[in-house]
Amino acid sequence: MKKKTLALLMAAATLLSVTAGCNGGGKETETSGASSGADTSQAVENVTPEAEMENPADGGSFTYWCELNTAVSPNFSNLGETPFAKNWMEKTGTQIEFLHPPTGQMKEQFSLIIADGNLPDLMEYNWIVDYPGGPEKAIKDGVIIPLNDVFEKYCPNITKYLEEHPEIDKMIKTDEGNYYAFPFIRGDQRLCYTIGLMLRGDWLEELGLEVPETIDEWHTVLTAFKEKKGATAPYTFEYTNQMLLPADPFAFAYKTCRSFYIGDDGMVHFGAAEPGYKEYLTLMKQWYEEGLIDPDLPTMGFDQVSSKMTNGASGASIGWAGGRLGAWTTAAQVNTPEYKLVPAPYPTVNKGDFPEFGDFDSPYTGRASVAITTCCKDIERAAKLMDYAYGEEGHLAFNFGVEGESYEMVDGYPTYTKKIMESPEGWPIAQAMAAYIRGNYNGPFVQDLRYVEQYYVLDEQKQTPEVWGATNAIKHVMPPVTPTAEESKEFSSLMNEINTYRDEMTLKFILGTSELDDFDMYVENLKSMGLERAIEIQNEALKRYQAR
């Protein structure tokens, strides 16, 4: 067994050369043209008239591989057990067998599945970021099929949506013009500001302090939390969370970030190799030495951060308005009724400056996009199943659930019922929602602003889009570019080493195990690893994206 596992891991490491075979128990695809970059249009030839709007899949049985969200997993071991999934299957007349990787092992299991060649019919993944070579390479490898003809013949709902939203249409296809997945789309810009700073508002009031806006004001506040409130970790955050790590507010203050961004010159830059990053590291090292940052920073996970934020050990953190600000407030108020978390703007160095950088989640990032694999033998019904979510009925189902059960229409507004807002099981709102919808996390659908208008029940939560959105971040965020298959292979190889080294040295600089006098040598080492070539690849991809 160990030898077999090792063989699979070795095969996964050479994923770029793998062509999925749908061997063994896997299903055969309708066409053999989906491998090695061949034309796959034959997959949808000889079909009857185009599907009508809202036409459900009307039969079929499919395997669907995806991660089980942490808001679902406390109450259900499989997405198929949820009222959401049961409603989706009932409305479309389809059977879906959901397959989930073990928690925290999504990428590892994905690699093993691809190496084995027995693919599920549908796979939910970030094909831009996490497939070596990107979506075009996944098509050429014979793993997934292009969806241009599929959209045209079977998917009137998403086709109509893309016609009405050309800016989104540009995002969800490759430079070669291939659609490759059913996307997760944030349907309103206010949904794109999801992560930000938060701190104890009740402590601020008690200490006579204002919500900090500058680095110096943050230093004053964190010092007061430590000295006057006894906080042993004044600022803590989930350092091991790869979604939070890039949104470092204190790096943003120095107009830089950990990875790639678009500069004022319109070109791609790598923030972690720039002078501003050294200034950020200098600040973090100082705060760490002063005891203003969690001493357990390198190992902090969600449970540890949650504990410290609710028991008074910490007074400030970064995270989401729902699963962090709202959840921590509710939990802490059981024992500390005056507990209050308030959102803080992204900081600047100079008072009065408008924040140039901040967190902005693009309307489409590639996350939670569902591709049809080459092992799917019923492309038509699979496509109709996925298209359902982009029509009116499916949109309501994915965002609000089952009418009469999880929501009611009140003056034309889908309003969550007490079953969601005051769960009889005692579940937090996030878990009650996740049982009935995918609107409060992600998936193959268009997210509706009206979900968050109700999800955010606290005034402080409702303030977050304006507070966290008050930046020029949208100018600097990389769009969902798709390097060519050849570029992606080279880029992935370069960045694996570069990112590992950056993360290692960032922590060493902050903890003081490496001296900041060595920062220039660190930058030279990044360049020797091929950073300049990686930036060049990103710039070329950006040019092609802008020309779409």
Side-chain angles (χ1 to χ4, degrees), residues 18-22 26-47 50-51 55-67 88-89 92 94-99 110 113-114 117-128 130-131 134-159 161-162 172-174 176-185 364 366-390 394 443-445 482:
V18 172
T19 297
C22 304
K27 299 179 181 180
E28 295 182 1
T29 181
E30 284 189 346
T31 175
S32 61
S35 61
S36 305
D39 178 18
T40 61
S41 60
Q42 294 180 27
V44 291
E45 283 185 358
N46 304 317
V47 295
E50 294 184 3
N55 185 27
D58 191 24
S61 178
F62 301 96
T63 49
Y64 184 126
W65 186 86
C66 66
E67 189 171 36
W88 187 16
M89 288 187 275
T92 58
T94 306
Q95 292 298 311
I96 307 172
E97 180 186 357
F98 290 96
L99 309 171
F110 178 86
I113 291 172
I114 299 300
N118 289 317
L119 308 177
D121 299 304
L122 301 158
M123 297 192 79
E124 186 176 307
Y125 204 56
N126 191 328
W127 300 93
I128 296 177
D130 295 330
Y131 188 91
E136 196 65 42
K137 187 65 165 61
I139 292 171
K140 288 183 169 63
D141 285 343
V143 173
I144 64 176
I145 67 170
L147 299 176
N148 300 52
D149 293 331
V150 173
F151 278 5
E152 180 181 353
K153 292 184 179 293
Y154 304 137
C155 303
N157 296 317
I158 193 169
T159 298
Y161 181 87
L162 295 176
I172 70 163
K173 56 189 176 187
T174 67
E176 288 82 351
N178 283 320
Y179 299 112
Y180 54 90
F182 292 85
F184 170 59
I185 301 167
Y364 174 70
R367 189 183 308 132
S369 298
V370 177
I372 299 177
T373 75
T374 52
C375 288
C376 179
K377 67 179 182 181
D378 194 344
I379 293 172
E380 177 179 353
R381 285 195 174 96
K384 289 181 178 180
L385 170 68
M386 300 310 304
D387 189 55
Y388 172 76
Y390 302 92
F445 69 103
T482 54

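Just the heavy atoms: all of them, side chains too, but no hydrogens, waters or symmetry mates, feed the values below.
Aromatic rings of Tyr364 and Phe184 (six-membered ring for Trp) have centroids beyond the 6.0 Å cut-off, not under it.
Side-chain contact between Leu122 and Ile372 is present, with at least one heavy-atom pair separated by less than 4.5 Å. Looking only at side-chain heavy atoms (C-beta outward), Asn178 and Pro135 stay at 4.5 Å or farther from each other. Residues Ile113 and Met123 have side chains in contact (heavy-atom distance under 4.5 Å, counting atoms from C-beta outward). Contact of the Pro183 side chain with the Ile158 side chain is registered, since non-hydrogen atoms from C-beta on lie closer than 4.5 Å. Side-chain contact between Ile96 and Leu385: present, with at least one pair of heavy atoms (C-beta onward) separated by less than 4.5 Å. Put simply, the side chain of Thr94 does not reach to within 4.5 Å of the side chain of Tyr388, judged on heavy atoms. With contacts defined as side-chain heavy-atom distances shorter than 4.5 Å, the pair Tyr125/Ile144 does not qualify.
In this structure, Tyr64 OH and Met386 CE are separated by 4.5 Å, a value rounded to the nearest 0.5 Å. Considering CD1 of Ile128 and CD1 of Ile172, their distance stands at 10.0 Å, rounded to 0.5 Å. Asp387 CG to Tyr161 OH: the interatomic distance, rounded to the nearest 0.5 Å, is 13.5 Å. Within the model, atoms CD of Gln95 and CZ of Phe62 stand 11.0 Å from one another, a figure rounded to the nearest 0.5 Å. To the nearest 0.5 Å, atom OG1 of residue Thr159 and atom NZ of residue Lys153 are 11.5 Å apart.
Residues Glu124 and Pro444 come closest through the heavy atom pair OE1-CD, 3.9 Å. Considering all non-hydrogen atoms of both residues, Pro146 and Ile139 come closest at CD-CG2, 3.9 Å. Thr174 and Glu136 get closest at one heavy-atom pair: OG1-OE1, 2.7 Å.
Here the side chain of Thr63 pairs a donor or acceptor atom with the backbone of Asp121 at under 3.5 angstrom.
Judged by distance alone, the side chains of Ser369 and Tyr180 never bring a donor and an acceptor atom under 3.5 Å apart.
Scanning for ring-ring contact (aromatic ring centres under 6.0 Å, His included) contacts around Phe151 gives Tyr179, Phe182, with sequence neighbours left out.
The residues Lys137 and Asp141 are annotated as salt-bridged, a charged nitrogen and a carboxylate oxygen being separated by less than 4.0 angstrom.
Under the 30°/60° scheme for interplanar angles, the aromatic rings of Trp127 and Phe110 are found to stand perpendicular.
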